[in-house]
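Right, one structure below, let's go through it.
Just so we're on the same page: letters track the sequence lines, and every chain starts at 1. For clarity, every value in this text was computed on a predicted model and none was experimentally measured.
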There are 2 protein chains.
Amino acid sequence: MERTGKPTINDVARIAGVSKKTVSRVINRSPLLNSDTRAKVEQVIADLGYVPNVQARALALRRNFLIGLIHDNPNAQMVMNVQAGMLEAMRDTEFELIVRPIDRGSSTMLEDVRNFLERQRLYGVMFLPPVSENEMVAELCRELGIRYVRMGSATLDSSEHMVASNDSEVVTEAVNHLIALGHRRIGLIAGPHGFRSARERRKGFENALEEAGIKLPRSLIADGNYTFETGLAAADRLLDLSPRPTAIFASNDEMAAATLHAARRRGMSVPEDLSIVGFDDTAIASHIWPPLTTVHWPIISMARSAALKLLAEFFGDDGSAVEEPSLFPSTLIHRASVAPPREG
Amino acid sequence: MERTGKPTINDVARIAGVSKKTVSRVINRSPLLNSDTRAKVEQVIADLGYVPNVQARALALRRNFLIGLIHDNPNAQMVMNVQAGMLEAMRDTEFELIVRPIDRGSSTMLEDVRNFLERQRLYGVMFLPPVSENEMVAELCRELGIRYVRMGSATLDSSEHMVASNDSEVVTEAVNHLIALGHRRIGLIAGPHGFRSARERRKGFENALEEAGIKLPRSLIADGNYTFETGLAAADRLLDLSPRPTAIFASNDEMAAATLHAARRRGMSVPEDLSIVGFDDTAIASHIWPPLTTVHWPIISMARSAALKLLAEFFGDDGSAVEEPSLFPSTLIHRASVAPPREG
DNA sequence: GAAGTATCTGACACCGGTTACCGAATTGCT
DNA sequence: AGCAATTCGGTAACCGGTGTCAGATACTTC
């Protein structure tokens, strides 16, 4: 009998002189197995170079060895960082990453997610903001019995299902810093209303001004969408004001970069004529000139931790011993885009 | 008998009063089927909301409905763009995207790729540079009988397996532009030696100078790694030269942005004191100030096209009728980072 | 030494599809 | 009408694993 293709569990069983069920037990590290038998089977597995068939396991277990990433995020750099963090956690495991962008606006969004989850039978899934802020997708995962973790800017779920940051407080800190330098007319470029992170950051901004007793004209708040283009429009609107703001806090780095772009386009110097603070600390923040003072959002760590939460059960044994953190404090990074206002 | 969970092919067959084989034929659009039968079965499928089980099909067909993306690329924005292009092509299909970064340096790289491909039984796989330039991975796909497409900066494979651009020529064009403006001392920040794209771009650079009869001191070429950090170091080295170059071509936008950063850090004006040209036209090129003159590399289109090549067979019927292009011309984008040298 | 118990191991059905093969039904042709 | 060719649909085996449960073996206990 010619042996073609890869060896299967049957080949292993036959050669080792045991049943395939026993081989299955070896693969799945079943505890109730005689160690001699185990050693014998493992030897055969090694000799043959046997690798269990993923598809067959998926069928029998009704579960794939795939981790999903569901997102609807306008910020490419951020998505990339999340992927990097997750892949780091999954490195050298048998898990793979499957990426699924969805359309937040679509009326079939929830159905799309459901179909995706039901079809793929993922081992676990991670949601990025803003989808992660949608309570219904979490509900859906619970209903389908799928492990999930949500990433967000506030705690929305229990620790095992959440990695969050403290956006509000750190923005307050950043704005306090501007105030301490003497800024009084401080503009805000807000994020999209649908994002919890946008609301948290705005809240942090308003808290700082309120604490300092600064009354903020409504016109100093401009709306953006977390994209460069909307940031540019918002910045232009703020810089057209008279008197101009002496500092602007943009709710993410893309829009902060756009603010810098807008300022320089009209011949202003940064930070002399305008101080700028961003949020995220993505690559662009340190790449542009002057490098941006911004809030470091530890997104790679968050993503890694999220993936580890999903895999915790698989790694088993110590499981809860090395509990992954759920709150990741953001920190203010001082760079060159902030200075005292020009004239006191 | 209680019906729990999702309906299976057996349920459909029973209710429609046909055998599961017939249902299977309907699903797989088998041509030899009575249209009445087909209609009846399709009706039942619709009523039940039946969806074929992906895992079972994967097992039986020895093939998954997954498209892989294998990359080892330092440029996050580029990888993101590729994903966007591929996902666009895969939108509304039953295919999903599975992402696999690998470690080019690793001695087990080829084994890693093989294991990945063998385990996952992908429908097709796409390789990004620089892995895509490795002839052995292509050989591997042929051996395993897996559809593949390589993305690169030169034609390395037959049309159905390749999407390529014309880096060399367009760089020549860009440098000719600098020469026409009067630049004579033009620096090059080269990409890593292992990248075909880096060699093509360098070749284009050297061709332009040669055609113009400009002899280039070796010191005007600095090595980079396509990352911002290495670009910064290379730019610093070039700007330390005396006399300084009046223009610098950086082999990608990241390094061009770093050059701008380095120049401004030492108080130089761009483009007055230094002209800069980049390559890729990623987001950062238009976001920084001044916006970069750069080469637009149509990577999203390339990626979309690559994915469509992989899926061509699946879409079937017209198949070769709408042949996807394989060569994607890059074009020079004129923005504000280039001007004539300061003094004639 | 017999009975009881804990520990392994194997037979068999099953996950939900597909393919091979075969028989039945329909159609075409003389 | 009779026979072959063609089309359609069904049965059974298979893809390569896992769950259930009973049987075999080893170890205690009295």
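- In this structure, B:M302 and B:S165 have side chains that are in contact, with non-hydrogen atoms separated by less than 4.5 Å.
- For A:N28, taking side-chain heavy atoms from C-beta onward, the closest of the listed nucleotides C:dC21, D:dT18, D:dG17 is D:dT18.
- More than 12 heavy-atom neighbours from other residues, nucleotides or ligands sit within 6.0 angstrom of CZ on B:R142.
- Between the CZ atom of B:R121 and the P atom of D:dC15 there is a distance of 11 Å, given to the nearest Å.
- Between the C1' atom of C:dA13 and the NZ atom of A:K21 lies a distance of 12 Å, rounded to the nearest Å.
- Counting non-hydrogen atoms under 4.0 angstrom, B:N10 reaches nothing in the nucleic acid.
- The separation between B:D11 atom CG and C:dG16 atom C1' is 11 Å, rounded to whole Å.
- For the pair A:R29 and A:F314, the cation-pi criterion (under 6.0 Å, within 45° of the ring axis) is fulfilled.
- Protein atom CG of B:N53 is 13 Å distant from nucleotide atom C1' of C:dT18, rounded to whole Å.
- Atom-to-atom, CG of A:L61 to C1' of C:dC15 comes out at 10 Å; the value is rounded to the nearest Å.
- When the P atom of C:dC14 is taken as reference, atom CG of B:L59 falls 17 Å away, rounded to whole Å.
- Contact between the side-chain N/O atoms of A:S19 and the OP1/OP2 oxygens of C:dG10 is found at a separation under 4.0 Å.
- Taking every heavy atom of both residues into account, A:M151 and A:A303 meet most closely at CE-N, 3.7 Å.
- For A:T8, counting side-chain heavy atoms from C-beta on, the closest listed nucleotide (D:dG17, D:dT18, C:dG16) is D:dG17.
- Donor-acceptor pairing under 3.5 Å, judged by distance alone, is absent between the side chain of B:K20 and the base of C:dG16.
- Using a 4.0 Å heavy-atom distance criterion, A:V18 is classed as a sugar-phosphate-only contact.
- Regarding B:R63, its CZ atom lies at a distance of 17 Å from the C1' atom of C:dG17, rounded to whole Å.
- Residues B:R62 and B:T22 both approach DNA chain D. Their nearest nucleotides, taken by heavy-atom distance, put B:T22 toward the 5′ side.
- Within the 4.5 Å cutoff, the side chain of A:V41 has no heavy atoms near those of the A:I27 side chain.
- At the phosphate of D:dG17, neither OP1 nor OP2 sits under 4.0 Å from any side-chain N or O atom of A:S24.
- A close approach under 4.0 Å does occur between a side-chain nitrogen or oxygen of A:R57 and OP1 or OP2 of D:dT18.
- Rounded to an integer number of Å, the gap from CD of A:Q55 to C1' of C:dT18 is 14 Å.
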